[in-house]
Amino acid sequence: MTVRVVIADDSPDARAAIRSVLGRDPMFEVVGEAADGHEALRLVAERSPDMVLMDLAMPRCDGLLATRLVKRRAPEVTVVVLTVSDDPRDLFEAIRNGAQGYLLKRLHPADWLDYLRRLATGDAAIPREVAARILAEFDTGARPAAPAPTEVGLTEREAEVLRLVARAMTNKEIGETLGISEQTVKNHLKHIVQKLHLKNRVDLAMYAARLGLDRDHCV
């Protein structure tokens, strides 16, 4: 499996560093580099990448606007936003604009590759550091109301999977915890997303946080 990647960042040094990280794994092939959102949109149209690594802070057309336009014009492309900020509000805004992944620039290169590999294969748990910040943000005030899993028809097993998603576990870790296969975990996640009318794994984690499922109590 080869994942064709466009890198969008206004810093030449940052683009070179990202290219170097991706070069460590033959799974990823960099097919273009953009210095702003406009260039990213042009490259998506010209190169048909599988994934765009999109810096949030860029001139002319920032990462949020570019993400929204990429998803509108090429919804099959996976967009991963890149930022130095671990403010949960940035993550929420990125997801609202269509991003399917979120990476902090300061994470170790090995963590970058692990996350991007999992995202490319459908196992996109939020990086643990980001997940911790999201849960901390929810703890600072009242949690918005969200329907309980039983109200939307989740099975007991699906509710267990959802609770482990809230702890930023990967599919493999969830499977090992529950004594089921990774494929079974993926099947449960697919059903949960459909029942909750959500978009992706990040939405699931935020839904779980709204319910307080990061806590050790029964659903």
Side-chain angles (χ1 to χ4, degrees), residues 3-22 28-107 109 111-113 115-120 122 124-127 129-134 136-138 144 193 196-207 209-210:
V3 179
R4 294 165 52 82
V5 181
V6 164
I7 301 169
D9 195 301
D10 61 320
S11 167
D13 290 340
R15 293 198 303 273
I18 294 168
R19 187 171 62 250
S20 176
V21 170
L22 296 181
F28 300 101
E29 176 189 0
V30 177
V31 297
E33 297 182 22
D36 59 43
H38 288 302
E39 290 185 15
L41 288 167
R42 176 179 59 80
L43 288 173
V44 167
E46 293 178 356
R47 308 290 172 82
S48 299
D50 303 300
M51 180 181 292
V52 177
L53 303 185
M54 187 83 75
D55 183 33
L56 282 183
M58 293 187 292
R60 293 207 302 159
C61 176
D62 66 28
L64 290 177
L65 176 56
T67 295
R68 185 163 66 249
L69 293 175
V70 167
K71 297 303 294 184
R72 182 181 302 165
R73 300 175 187 180
E76 73 281 0
V77 176
T78 298
V79 179
V80 182
V81 295
L82 311 176
T83 179
V84 296
S85 169
D86 58 1
D87 188 333
R89 290 171 295 184
D90 290 336
L91 170 60
F92 298 156
E93 192 62 29
I95 297 304
R96 289 191 192 101
N97 281 274
Q100 291 139 295
Y102 187 94
L103 271 174
L104 297 178
K105 289 186 174 182
R106 66 171 177 271
L107 291 178
D111 293 330
W112 265 56
L113 290 175
Y115 177 72
L116 292 176
R117 280 192 297 266
R118 289 189 282 110
L119 184 61
I126 304 174
E129 184 176 352
V130 177
R133 288 283 294 142
I134 292 172
E137 179 73 9
F138 275 108
V193 167
L196 297 179
H197 305 290
L198 302 174
K199 295 179 180 179
N200 52 41
R201 180 70 164 264
V202 178
D203 280 351
L204 272 180
M206 290 192 290
Y207 174 93
R210 288 165 63 192

Listed pairs under 3.5 Å, donor-acceptor, residues 54-64 side chains, sequence neighbours left out:
unit_1: Asp55; atom_1: OD1; unit_2: Lys105; atom_2: NZ; d: 3.2
unit_1: Arg60; atom_1: NE; unit_2: Asp36; atom_2: OD2; d: 2.9
unit_1: Arg60; atom_1: NH2; unit_2: Asp36; atom_2: OD1; d: 3.3
unit_1: Arg60; atom_1: NH2; unit_2: Asp36; atom_2: OD2; d: 2.9
unit_1: Asp62; atom_1: OD1; unit_2: Leu64; atom_2: N; d: 3.1
unit_1: Asp62; atom_1: OD1; unit_2: Leu65; atom_2: N; d: 2.9

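- Here the rule is side-chain contact (heavy atoms from CB on, under 4.5 Å) with Leu116, and of Val5, Leu53, Asp111, Val21 only Leu53 fits it.
- What you find for Leu82 and Trp112 is that their closest heavy atoms are CD2-CH2, 3.7 Å.
- Scanning both residues, Leu22 and Val30, for their nearest heavy atoms gives CD1-CG2, 3.8 Å.
- Taking CZ of Arg106 as the start and OG1 of Thr83 as the end, the distance is 9.0 Å to the nearest 0.5 Å.
- In terms of modelled atom types and a separation under 3.5 Å, the side chain of Tyr115 and the main chain of Tyr102 share a donor-acceptor contact.
- Note: Leu104 CG to Leu107 CG = 5.0 Å, rounded to the nearest 0.5 Å.
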Which atom pairs, donor and acceptor, lie under 3.5 Å between side-chain atoms of residues 42-51 and protein residues at least two apart or in another chain?
unit_1: Arg42; atom_1: NH1; unit_2: Glu46; atom_2: OE1; d: 3.1
unit_1: Arg47; atom_1: NH1; unit_2: Val31; atom_2: O; d: 2.4
unit_1: Asp50; atom_1: OD2; unit_2: Arg4; atom_2: N; d: 2.8

List the steps and the verdict of side chain to side chain contact (heavy atoms under 4.5 Å, CB included) for Lys71 and Val79.
CA-CA 8 Å; Lys71 297 303 294 184; Val79 179; 3.8 Å; yes
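- Every residue meeting the side chain to side chain contact (heavy atoms under 4.5 Å, CB included) condition with Arg73, not counting sequence neighbours, appears here in chain and number order: Leu41, Leu69.
- Take Arg15 and apply the side chain to side chain contact (heavy atoms under 4.5 Å, CB included) test, not counting sequence neighbours, and it matches Ile7, Asp9, Pro12, Glu33, Ala35.
- Taking each heavy atom of Ala99 and Val81 in turn, the nearest pair found is CB-CG1, 3.8 Å.
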